[in-house]
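One-based numbering, in listed order, for ligands and for the atoms of each.
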Amino acid sequence: MKNKNIVLTGREVTLDANEQIVSKTDLSGRITYANRAFMHLCDFAEPDLLGVQHNIVRHPEMPRGVYQMMWETLQAGQEFFGFVKNLTANGDHYWVFANVTPDREPGGEVVGYFSVRRKPSARGVQTAAALYAEMLAAERQAGPARAMEASRALLAARLGGQSYERFVLALQLGKA
Ligand SMILES: Cc1cc2nc3c(=O)[nH]c(=O)nc-3n(C[C@H](O)[C@H](O)[C@H](O)COP(=O)(O)O)c2cc1C
């Protein structure tokens, strides 16, 4: 959570099944576009978001290891799928199933990223919440210098050889 003044309410807000939350960023993760559904759900106005790092909606219960994996995937030129818990401006939270993709110019050069999020499956949220709690505990126990290593090792152990992408897609599409 980057806004340290936000008090967590523990209240969950949800997306409608047909709603899509969209944002775009530059290469460093600074927001360059947010659609109305995104602003409505997170309760930030456009001027609060544009030019600001996307961690403005970061929830403190999200493990660092998930974002490390997301950035590795994007920087390898691939798209990332995952369950994400975010904060709203007033300290409520919401879960999404996110698809984050490199944003390419016609020539193929990556100029930023965009994320489209949909309502997550209940099973996906339940499974991700338990997994992320374990990852977060591993990060805290390992301390800052070894947090990522511990978090990723725990994730790999829980995935049992499966990729994170296959794991989350199966949960979202009801095939897990
Ligand atoms: C297109 C795009 C969308 C992102 N969406 C989110 C998001 O919804 N919530 C979030 O916490 N981080 C999101 N991030 C990741 C953030 O940039 C950042 O890596 C993350 O919040 C961790 O921040 P920290 O390293 O400062 O703790 C997104 C990044 C990109 C490129």
Nearest heavy atom to atom 6 (C) of ligand 1, choosing from H54, R58, H59, belongs to H54
Checking side chain to side chain donor-acceptor pair (under 3.5 Å) for the pair T88/H93: CA distance, chi angles, key distance, verdict?
CA-CA 6 Å; T88 74; H93 65 266; over 6 Å; no
Indicate yes or no: does an N/O atom of W71 lie under 3.5 Å from an N/O atom of ligand 1?
yes
Looking only at distance, does R117 have an N or O less than 3.5 Å from an N or O of ligand 1?
yes
Using a strict 4.0 Å cut-off to heavy atoms of V100, name the atoms of ligand 1 that fall inside it.
1 (C), 2 (C)
Polar side-chain atom of Y132 near backbone of F83 as donor-acceptor pair, under 3.5 Å:
yes
Residue part near ligand 1, for N55, under 4.0 Å between non-hydrogen atoms:
both
Among Q20, E79, R117, find the residue that satisfies the side-chain hydrogen bond (donor to acceptor under 3.5 Å, both in side chains) test when tested with N99.
E79
If the threshold is 4.0 Å, N to carboxylate O, is there a salt bridge linking E61 and K85?
yes
May I ask which of F114, Y94, Y67, Y113 has a heavy atom nearer to atom 12 (N) of ligand 1 than the others do?
Y67
Residue portion contacting ligand 1 (non-hydrogen atoms closer than 4.0 Å) for M70:
side chain
Less than 4.0 Å between a side-chain N and a carboxylate O, is that true for D16 and K119?
no
I'd like to check the ring-ring contact (aromatic ring centres under 6.0 Å, His included) partners of Y164; sequence neighbours left out, ordered by chain and number.
F80
Here the atoms of ligand 1 under 4.0 Å from any heavy atom belonging to V57 are 7 (C), 8 (O), 9 (N)
